[in-house]
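Written below as structure tokens is the structure these notes are about.
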2 protein chains.
Amino acid sequence: MANKGCIIRLSRYRNALLRLKALNFVKVFSENLADSARVTAVQVRKDFSLFGISGNRRGGYLIEELIAKISAILGKDEVQRFVIVGIGNIGQALLHYPGFKKSEIEIVAGFDIDQNKHNRQAAVPILPLEELGNFVEKNKIRFGIISVPDSAAQETLQLMLQAGIKGILNFAPICLKEPQNCVVRNLSLETELENIIYFTVLAEKEETGK
Amino acid sequence: MANKGCIIRLSRYRNALLRLKALNFVKVFSENLADSARVTAVQVRKDFSLFGISGNRRGGYLIEELIAKISAILGKDEVQRFVIVGIGNIGQALLHYPGFKKSEIEIVAGFDIDQNKHNRQAAVPILPLEELGNFVEKNKIRFGIISVPDSAAQETLQLMLQAGIKGILNFAPICLKEPQNCVVRNLSLETELENIIYFTVLAEKEETGK
DNA sequence: TAGATTGTTAATCGATTAACAATC
DNA sequence: TAGATTGTTAATCGATTAACAATC
């Protein structure tokens, strides 16, 4: 019913709503949210209707109420805890990424095979990879991030599955197959940049072509 | 003609092809590439046909040739240089991200308002934000990455536009409007994780619902 | 009531998939 | 020739958009 695009838009609406709330606004119209997420007002209302969210005809939506409803849909009624496997550049950055807090996302531990990186005392501890299974089970963690080199991505996935992880974001530039019982999203930074390069070069060509 | 999804898939095919080449393979079938990018073989051939890439009926595709053709489409005939504005967690990680090398992507400088972060001697120098315009112009940089807090994202975009940047990846969780003459892709890590959370919770509900 | 906005149904658009023709 | 794979055209599917009805 709701597709991936729709959920991404809900996240964006929520981000905008939090900002509006901080500015003490009370009401919002679909047109405002459309501006913030770079879509049309119809799209906003359609997205809401998929989840039975309704406003006041003529009066728009109450910001507080909308935030509560979208937050519930996105699973923000509780803090969602993640582990990270692979404490390289990206893993290290995500370990203390400040932006997660307002999204009720918490990184609770990192794991790496390199013992020079281990640090049990840190606020977010970095532990030996062997401890992943126990830690995940003991702390009932459901989400994981893979930020290992691509050669290690597949086996990291296996470890996470064995540990009982149910949702994974994979930064390695290798497309992991989505297994039964686990959601996997492949996001490669190289690929994102290549996308921008392609469409930029294309736009330039079109311009000079005219 | 070619949509965003298609270009992302081309990147993935290319990644897989590089790996196959490293293993000394010579030929590849659309079925193989389909496996690597988690799509169907028809999708692969359709993508290729959009760009006039053809193989040998019965004989598949020559890996070397395919890499060359896809690389040309993705703008890899020359190294594409990026600047990063905002040397926080993410910016710092991207500055030295090893995965960019094989994609012919080079980060040439970082910029920040915090002078404690400045370092002209580093391999990838970190410079005061005021120098962005000059640097970009002098070095003919066309691509930029925004990794500043969301409150600063909009003005960073303006600075980049003035400097002449033509393609931008924005990590701030605020949706920047795509201006004339510049490609902007908004990628927020919070949003990506929220997406995974939603679909994981959904899958769990469906399972227990049965 | 008139005007503005929401909410829904139907139409359109674009991307994926199926079917099949071409050919090595 | 028979079999396997590519390449293309047509059909399907799903998401977005347009049109309009509902109502505050």
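Numbers restart at 1 for each chain; the letters A, B, ... are given by sequence-line order, proteins then strands.
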Atom-to-atom span, [atom1] of [X] to [atom2] of [N] - whole angstrom:
X	N	atom1	atom2	value
Lys4(A)	dT16(C)	NZ	C1'	16 Å
Asp47(A)	dT6(C)	CG	C1'	14 Å
Leu50(B)	dG7(D)	CG	P	13 Å
Leu33(A)	dT5(C)	CG	P	14 Å
Gln43(A)	dA15(D)	CD	C1'	8 Å
Glu31(B)	dA4(D)	CD	C1'	12 Å
Arg58(B)	dA2(D)	CZ	C1'	10 Å
Arg38(B)	dT17(C)	CZ	P	15 Å

Problem - 5'-most by nearest nucleotide on DNA chain D - Asn3(A) or Val42(A) - result: Asn3(A)

Where the side chain of [X] meets the backbone of [Y], is there a donor-acceptor pair that is under 3.5 Å apart?
X	Y	value
Asn134(A)	Glu131(A)	no
Glu178(A)	Val183(A)	no
Gln80(A)	Phe143(A)	no
Asp112(A)	Asp114(A)	yes

Exercise for the section: Could you check whether Gly60(A) gets within reach of a base, just the sugar-phosphate, or nothing at all, counting any heavy atom under 4.0 Å? Expected result: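 The residue Gly60(A) makes sugar-phosphate contact but no base contact.
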
Exercise for the section: Using a 4.0 Å heavy-atom cut-off across all strands, classify Gly59(B) as base, sugar-phosphate, or nothing. Expected result: nothing

Exercise for the section: Dot-bracket notation for DNA chain C is requested: 5' to 3', Watson-Crick or G-U wobble pairs only, both distances under 3.5 Å, with ( ), [ ], | and . as defined. Expected result: ..||||||||||||||||||||||

Using the side-chain heavy atoms of [X], tell me which of these nucleotides is nearest: [options].
X	options	answer
Arg45(A)	dG7(C), dT16(D), dT8(D)	dG7(C)
Phe29(A)	dT5(C), dT8(C), dT17(C)	dT5(C)
Lys46(A)	dC24(C), dA10(C), dG7(C)	dA10(C)
Arg9(B)	dT16(C), dC24(C), dT17(D)	dT16(C)

Problem - Ring centroid separation Phe82(A) to Phe100(A) under 6.0 Å - result: no

Practice task
Report yes if a side-chain nitrogen or oxygen of Ser30(A) is closer than 4.0 Å to either non-bridging phosphate oxygen (OP1 or OP2) of dT6(C); otherwise report no.
Solution key: yes

Problem - Distance test, side-chain N/O of Tyr61(B) to OP1/OP2 of dC24(C), below 4.0 Å - result: no

Handout entry: Whether over 12 other heavy atoms sit under 6.0 Å from Glu64(B) CD
Key = no

Handout entry: Salt bridge flag under 4.0 Å for residues Glu194(A) and Lys76(B)
Key = yes

Handout entry: Asp35(A)/Lys177(B) salt bridge by N-O under 4.0 Å criterion
Key =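 No.
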
Handout entry: Distance-only donor-acceptor test, Arg57(B) side-chain atoms vs dT6(D) base atoms, 3.5 Å
Key = yes

